[in-house]
Amino acid sequence: MAKQLNLYLIKSVIVGALGGLLFGFDTAVIAGSLPSLRTMFALSPLQVGLTVSIALVGTVIGSMLAGSLGQRLGGRGSLRVFAACYLISAIGCALAPTWTLLLVSRFIGGLGIGGSSVTGPVYIAELAPARWRGRMVGTFQINIVIGVLTAYLSNYLIGLAALGINEWRWQLGVTGLPAILFLVMLFGVPQSARWLVTKGRIEDARKVLFAIGSDQPDLELVEIVESIHPERALQAEPLFQWKYRFPIFLAMSLALFNQLTGINAITYYLNDIFSMAGFSKASSALQAVAFGLTNLLATLLAMTLIDRIGRKTLLLIGSVGMVASLCGVSAVFLTHRHARSLLPLLVAYIGSFGISQGAVIWVYLSEVFPNRVRAKGQSLGCSTHWIANALISGLFPLVATGSAAVPFLFFAVMVVVQFLVVLFTFPETKGTTLEEMGQKLGIET
């Protein structure tokens with residue numbers, strides 16, 4: 001592997017990670033758009049829920065399709081498709097004359113979110129040297145939290161502009177600007193050497209390794225060829241085999257716990273959570289910005305630690321902080337006292353999440369499967385993530401209507417379960433090459 005980071009490699013990683021920024025923005029922006037959407041289309045509570053969840057339906061389908069699309073088109077080609085989905089969605093949302101067309105546009109955006117959540121981390125992992133892989137794949141998560149923060153800030157600033165009933169068009173449509181940038185920049189990055197080898201394009205793979213600054217490109221190419229077994233990869237080896245049971249368990253459990261911590265339900269309904277505690281609309285919007293900023297800072301800190309102390313240790317540390325803060329939020333809603341402590345408690349929660357689950361999930365999912373089924377494995381993990389997201393986010397307002405404390409207590413219990421599962425079953429993957437991972441996980445070749 002390269003002894004020094006190569007500028008072409010850095011550029012390729014940054015471009016691959018831009019899908020994360022759009023992912024984060026599209027995920028969080030709906031929180032500030034709901035008030036004006038309710039007015040514009042006279043939406044019932046059920047229709048409001050569908051407006052939020054229709055994008056999640058798209059993410060599930062997009063994540064399921066991404067594995068096979070990634071094997072066919074490669075990471076670069078797949079990301080171009082999903083960049084186009086982001087752009088079409090932004091234009092469609094901004095110009096939608098009816099609620100039905102708005103739903104269609106949000107569904108298309110969901111395809112982009114789900115697809116890029118699979119393809120982006122895999123593309124980066126296949127380019128990155130082993131000792132920098134955690135930090136490089138982590139740039140995808142950094143871009144997600146930057147996107148979330150940008151969405152909260154954008155919603156707040158657009159709200160100050162007093163645009164009236166069309167405020168939501170600007171909030172949802174502004175995503176088109178980074179989508180165009182993402183699509184254009186994807187025409188200046190390479191396919192990964194690993195994907196090229198699976199297609200039998202050995203010489204092209206060698207050229208990519210030279211271009212990204214591999215210290216021993218010929219030796220690395222031999223390792224890739226030996227690990228991938230091109231003849232088997234071309235036969236589209238199925239993922240669901242007994243020998244892959246452990247990485248399947250790791251991917252699905254990590255993805256489920258990511259949502260059972262409550263992260264996306266809290267992100268989508270953050271303004272409503274503050275409102276339930278008695279805060280005004282403007283105050284809620286500003287506190288959402290503080291929430292997003294903390295997430296970013298925690299993720300940046302995690303990126304400096306993930307290749308030093310490891311993925312498993314970060315998951316365990318973050319679990320302790322999340323349990324404490326979630327229990328505190330529950331106490332606020334149970335006692336109806338100390339509402340001012342809600343912001344610091346949620347800030348502590350998102351800080352604990354950002355330094356653990358938030359930073360680890362996309363890195364870990366991109367590592368635990370062998371080369372020949374990595375795209376399918378990543379797709380399985382991401383589709384599990386998005387299905388759980390849709391279910392939990394859909395149920396959150398219904399459960400919180402009965403008692404706002406109940407969902408937070410549930411999330412706290414799930415984090416305790418996560419701590420135990422990670423402690424006793426999760427292997428550490430830091431510093432292990434993708435070619436060595438199969439042996440470490442006991443996968444038969």
Side-chain angles (χ1 to χ4, degrees), residues 10 13-32 86 113 116-117 120-121 124 132 134-158 171 174-175 177-179 181-182 258-259 261-271 273-274 283-309 311 314-315 317-319 321-322 325-326 329 342-364 385 389:
I10 294 173
V13 169
I14 291 173
V15 172
L18 275 178
L21 187 145
L22 287 155
F23 170 161
F25 193 101
D26 272 22
T27 296
V29 72
I30 191 65
Y86 281 122
I113 295 173
S116 62
S117 71
I124 296 170
W132 288 313
R135 280 165 284 185
M136 286 188 167
V137 177
T139 61
F140 190 84
Q141 176 63 22
I142 291 174
N143 273 267
I144 292 175
V145 297
I146 290 174
V148 170
L149 174 59
T150 303
Y152 287 144
L153 183 59
S154 174
N155 284 341
Y156 174 69
L157 295 176
I158 290 174
Q171 290 172 329
V174 73
T175 319
L177 297 177
L181 176 64
F182 183 36
N258 183 271
Q259 290 305 302
T261 64
I263 181 59
N264 276 6
I266 294 172
T267 299
Y268 297 147
Y269 298 103
L270 187 61
N271 288 16
I273 292 169
F274 284 120
S283 178
S284 296
L286 275 176
Q287 292 185 19
V289 173
F291 181 87
L293 181 59
T294 302
N295 193 12
L296 174 59
L297 295 176
T299 304
L300 291 173
L301 175 61
M303 290 305 100
T304 68
L305 300 175
I306 195 168
D307 284 326
R308 297 180 183 179
I309 68 174
R311 290 70 156 141
L314 287 180
L315 287 173
I317 292 172
S319 294
M322 282 190 283
S325 52
L326 286 168
V329 173
L342 185 61
L343 177 60
L345 285 169
L346 287 173
V347 163
Y349 164 80
I350 194 60
S352 300
F353 177 87
I355 202 172
S356 58
Q357 264 278 4
V360 170
I361 180 171
W362 307 114
V363 175
Y364 209 81
H385 169 277
N389 181 2

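In this chain, numbering begins with 1 at the start of the sequence shown. The structure displayed is predicted, hence computed values, not measured ones. Just so you know, these numbers use all the heavy atoms, side chains as well, and skip hydrogens, waters and symmetry mates.
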Does Val174 reach the side chain of Phe25, with side-chain heavy atoms less than 4.5 Å apart? yes

The reported gap from OG in Ser116 to CD1 in Ile144 (rounded to nearest 0.5 angstrom) is 8.0 Å

Start with the C-alpha gap between Ile14 and Thr139, add the side-chain angles, then the distance that decides, and say whether side chain to side chain contact (heavy atoms under 4.5 Å, CB included) holds. CA-CA 7 Å; Ile14 291 173; Thr139 61; over 6 Å; no

Val29 backbone acceptor or donor facing Asn155 side chain under 3.5 Å: yes

I'd like to check Phe140 versus Ile361 (side-chain heavy atoms, cut-off strictly below 4.5 Å). Are they in contact? no

Partners meeting ring pair (Phe, Tyr, Trp, His ring centres under 6.0 Å) with Phe23 (sequence neighbours left out): Trp362, Trp386

Sorted by chain and number, sequence neighbours left out, ring pair (Phe, Tyr, Trp, His ring centres under 6.0 Å) with Tyr268 holds for none

Taken in chain and number order and not counting sequence neighbours, the residues that satisfy side chain to side chain contact (heavy atoms under 4.5 Å, CB included) with Leu293 are Leu149, Leu297

Just jot down the side chain to side chain contact (heavy atoms under 4.5 Å, CB included) partners of Leu21, sequence neighbours excluded, or say none. Asn143, Ile146, Pro178

So does Tyr364 get a backbone contact from the side chain of Arg311, meaning a donor-acceptor N/O pair under 3.5 Å? no

Only distances under 3.5 Å count here; give the side-chain donor-acceptor pairs of residues 347-359 to other protein atoms, sequence neighbours excluded, each with its distance to 0.1 Å.
{"unit_1": "Tyr349", "atom_1": "OH", "unit_2": "Thr261", "atom_2": "O", "d": "2.9"}
{"unit_1": "Tyr349", "atom_1": "OH", "unit_2": "Ile263", "atom_2": "N", "d": "3.1"}
{"unit_1": "Ser352", "atom_1": "OG", "unit_2": "Ala348", "atom_2": "O", "d": "2.9"}
{"unit_1": "Ser356", "atom_1": "OG", "unit_2": "Ser352", "atom_2": "O", "d": "2.6"}
{"unit_1": "Ser356", "atom_1": "OG", "unit_2": "Phe353", "atom_2": "O", "d": "3.4"}
{"unit_1": "Gln357", "atom_1": "OE1", "unit_2": "Asn258", "atom_2": "ND2", "d": "2.9"}
{"unit_1": "Gln357", "atom_1": "NE2", "unit_2": "Leu254", "atom_2": "O", "d": "3.4"}
{"unit_1": "Gln357", "atom_1": "NE2", "unit_2": "Gln418", "atom_2": "OE1", "d": "2.7"}

Contacts of Leu345 meeting side chain to side chain contact (heavy atoms under 4.5 Å, CB included) (sequence neighbours excluded), chain-then-number -> Val329, Val332, Ser341

Side chain to side chain contact (heavy atoms under 4.5 Å, CB included) with Leu300: which residues, sequence neighbours excluded? Ile142, Leu296

